[in-house]
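By convention in this document, chain letters (A, B, ...) are assigned in the order of the sequence lines, proteins followed by strands, and residues within each chain are numbered from 1.
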Protein chains: 2
Amino acid sequence: MNVRTLCLGILTFKEASGYEIKKMVEEDVFGHFIDASYGSIYPALTKMMAEGLVNVRAEEQAGKPDKKVYAITPLGRQELAAALLVDPAKDKFKSEFMFQIMLQEYLPKEHVAQIYQSQIEYLRDEIEKIRCCVDHHSTHPSMSFVAGFGEASLGAGLKYLEDNKDAILGGDNRDLKIVQPMDQNRKQKNA
Amino acid sequence: MNVRTLCLGILTFKEASGYEIKKMVEEDVFGHFIDASYGSIYPALTKMMAEGLVNVRAEEQAGKPDKKVYAITPLGRQELAAALLVDPAKDKFKSEFMFQIMLQEYLPKEHVAQIYQSQIEYLRDEIEKIRCCVDHHSTHPSMSFVAGFGEASLGAGLKYLEDNKDAILGGDNRDLKIVQPMDQNRKQKNA
DNA sequence: AAAACATATATCAAATCGATATATGGCTAA
DNA sequence: TTAGCCATATATCGATTTGATATATGTTTT
């Protein structure tokens, strides 16, 4: 599934500018299972405009740059329906945090503690955001369903991190740290 | 975090060929939070070879093509440690399935039922795979931790799909009844 | 008054993907 | 039996996508 289909799908819910599509993709319910950058959204909209899948309306705004508000056309809906019929790709979950945890022996203890706590707070924020989304979009049942899924998955992940804090950050830590003897006649090689 | 760091991190656990790294990235515990294709892995290994971050050993195999087994060097470990110190990027979860569910009104009912069932089976498979991984790598505690996280998250997602089957596939799609899971995090809000 | 930030569009080098090419051998169904 | 497919293995390349940056303007914060 490419950025074209992504934009068409979003324009199904409401007409929007490229900027607004990007915001929805990173903040709204969408943000939890799709992603795209300006560098792909703007060219996609321009191209789809030329192909008649969307149309534009320039909107003047007081105190802000003009907005190009895009709306999906019947032809666009046709292409969307065709694109959606393709079997969905496997889910993809990327977490640099988990990669770092897996390689924690290469990181200072305090740093691991810091990123662990940040991750917990990040997950709490995300879950809170989803709950706000559900309130806003409670009219659309599919959105509530999707939001519920995100809440369930992230909630379980958060709980796991909270419950297993000690497993990673446990008090007396392992043999990882090499303690150098206090020898005043010798300069320390390692900081 | 780029493919270089990814490869270095994996080579930390055992020396491997590009082909094996790709397999680990899509099948092993790794597969649940990182990803990379041949098109990025092979060039990364070649370049890191030239920079002295890894070294190669050609391995002849009976009945199979020769294997280039890469191993991380002390210099490679140094670069890895530096790269890991950078704050991890936000988690990224992509699910074309969820996108399709959100736009289910554009899809035939039977097709929605089909992809829904496929998703459930896919999640069951993934969870099963993780459990196998844990058995294999039970020696490495960080791996067990990471695998446990994946199991918790995916498990909650699977349960959600199983519990809310009727909400999406039930006789009348317009009357969605979403079963919210018992959520311990929600309680904290009022506490 | 300066700095930072939000809105808004746009571009582009660099990174990455996804598909394909090449080669070898084992397995298996017509 | 042999043609077709699958697994191992490396490599390349066009197309897509990212991530950073440029430009313009107004508001809010320091």
Nearest whole Å is fine: how far is [N] [atom2] from [X] [atom1]?
X       : N      : atom1 : atom2 : answer
A:Lys92 : D:dT18 : NZ    : C1'   : 14 Å
B:Glu27 : D:dA7  : CD    : P     : 10 Å
B:Asp35 : C:dA15 : CG    : P     : 18 Å
B:Lys94 : C:dC17 : NZ    : P     : 10 Å
B:Asp66 : C:dT24 : CG    : P     : 11 Å
A:Leu6  : D:dT17 : CG    : P     : 9 Å
B:Met1  : C:dA15 : CE    : P     : 15 Å
B:Asn2  : C:dA14 : CG    : P     : 15 Å

Can you classify the ring geometry of B:Phe33 versus B:Phe30 as parallel (below 30°), tilted (30 to 60°) or perpendicular (above 60°)?
tilted
Looking only at non-hydrogen atoms, find the nearest pair between A:Ala147 and A:Ile130 and report the distance.
O-CG2, 3.4 Å
Are A:His32 and A:Phe149 close enough that their ring centers fall under 6.0 Å?
no
DNA chain D-proximal residues of residues 38-49 of chain B, any heavy atom under 4.0 Å
B:Tyr38, B:Gly39, B:Tyr42
Salt bridge check: are A:Lys92 and B:Glu96 linked by an N-O gap of less than 4.0 Å?
no
Salt-bridge present (A:Glu128, A:Arg124; N to O < 4.0 Å)
no
Across the strands shown, which category fits B:Lys22 at heavy-atom distances under 4.0 angstrom: base, sugar-phosphate, nothing?
nothing
pair B:Leu11-B:Ile21: side-chain heavy atoms closer than 4.5 Å
yes
Using the side-chain heavy atoms of A:Lys67, tell me which of these nucleotides is nearest: D:dT10, C:dT9, C:dC17.
C:dT9
Any side-chain N or O of [X] less than 4.0 Å from the OP1 or OP2 oxygen of [N]?
X       : N      : result
B:Ser17 : D:dT10 : yes
A:Tyr19 : C:dT7  : yes
B:Lys68 : D:dA11 : yes

Pi-cation contact, A:Tyr19 with A:Lys23 (under 6.0 Å, within 45°)
yes
